[in-house]
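All values derive from a computational prediction rather than experimental measurement. Counting starts at 1 for both ligands and their atoms, in listed order. Start at 1 with the first residue, then count along the sequence.
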Amino acid sequence: MNIANKLPQPSVPSLADRQVDTAKPPFLGFGLGLRAQHYDEILGGNPPIDWFEVISENYMLPGGQPLRVLDRIRERYPVVMHGVSLSIASTAPPHFEYLQALRELAKRVEPKWISDHLCWTGVHGKNLHDLLPIPYTRESLDHVISRVQLVQDYLGRAIVLENVSTYVQFNNSEMTEWEFLSELSHRSGCWLLFDVNNVYVSAFNHGYDPRTFLEGIPADRVVQFHMAGHSHMGTHIIDTHDHPVCEDVWDLYIAALKRFGRVSTMIERDDNIPPLDELIVEVNRTREIAAQVLPEVLPKALPQSLPQLGRQELGRQELGRQAG
Ligand SMILES: [Fe+2]
């Protein structure tokens with residue numbers, strides 16, 4: 001059953017006719033996920049980070065200390081909002097209280113963009129607090145497109161959706177994840193957040209080449225990269241965000257830069273959170289690698305520490321090209 005067909009749709013305007021800001025989000029540079037452990041250090045020291053991504057739900061209650069801190073940080077840095085509870089693929093009725101709170105927060109924060117995940121997180125009013133996978137069928141594609149359009153109409157702007165890490169696949173899928181994301185982006189107008197680590201994790205868990213995923217995503221629809229660490233269990237990988245980014249994911253980042261060009265990039269760390277300086281080292285590495293891979297568009301961010309760069313993709317030929 002396609003729930004989208006059950007939703008009231010008196011007339012469905014084309015993408016061009018909708019009152020939605022479809023402008024491509026700007027390139028912000030190299031950022032970090034804002035975490036409460038670093039509030040004081042950020043406000044006290046203005047660290048060299050280009051922008052911050054905030055978890056929307058942490059700031060959706062009116063008032064309180066987190067929101068006051070965010071007000072001060074957004075005066076100094078560009079901010080984007082990243083949600084974990086939109087549940088865009090759910091077949092439950094749209095959660096308008098959530099959407100209203102999201103819209104109110106966006107009015108206050110004025111984020112450069114608003115993102116969430118291609119997943120569902122619960123039904124019947126229950127939030128399972130996990131990013132659950134969906135079958136990649138034509139029916140679910142139509143459904144998600146209708147939900148994205150509803151959300152975009154409500155927010156008045158195109159949203160950004162991220163690929164999630166997955167541990168199971170559906171036998172009834174009719175297309176690959178990258179085909180689904182491509183079609184979703186083209187037909188709904190949403191932009192894509194390409195989580196490099198999630199692609200690596202899912203590719204390992206399901207036994208395909210992560211570069212096949214990468215090559216299947218349209219280059220002009222990706223507006224953000226996530227970089228994160230994971231836990232390798234031998235037989236499978238769990239997307240824990242509690243380690244530094246591993247070398248294989250750095251290599252995939254280089255391949256992503258070659259395919260997608262200059263894309264706003266950030267480090268995601270959600271557990272075992274280290275001092276800010278350690279995360280700034282990783283942010284600097286994203287900046288340095290991008291400057292090496294794309295010297296023509298990032299000429300001023302030349303790397304300072306070549307030995308830290310990705311071990312496979314940046315061969316002598318690349319370094320020679322950049323030096324010349
Ligand atoms: Fe992510």
Discussion item. Between H226 and F194 (judged by ring centroids, cut-off 6.0 Å), do the two rings come close enough to count as a pair?
Written reply: no
Item to complete: Give a rough value, rounded to 10 degrees, for the angle at the Fe ion (ligand 1) between atoms ND1 of H226 and OE2 of E162.
Response: 100°
Worksheet entry | N/O/S atom of H82 inside 2.8 Å of the Fe ion (ligand 1), strictly under | no
Discussion item. Could you go through H232 and F204, starting from their C-alpha distance and side-chain angles, then the distance that decides it, and tell me whether this counts as ring-ring contact (aromatic ring centres under 6.0 Å, His included)?
Written reply: CA-CA 10 Å; H232 205 305; F204 183 89; 4.6 Å; yes
Worksheet entry | E268 atom (N/O/S) at minimal separation from the Fe ion (ligand 1) | OE1
Fill in: Side chains of E57 and Y98, donor plus acceptor under 3.5 Å
yes
Worksheet entry | R72 side-chain N/O to E75 backbone N/O, donor-acceptor pair under 3.5 Å | no
Discussion item. Please give the atom name: the N, O or S atom of D195 nearest to the Fe ion (ligand 1).
Written reply: OD2
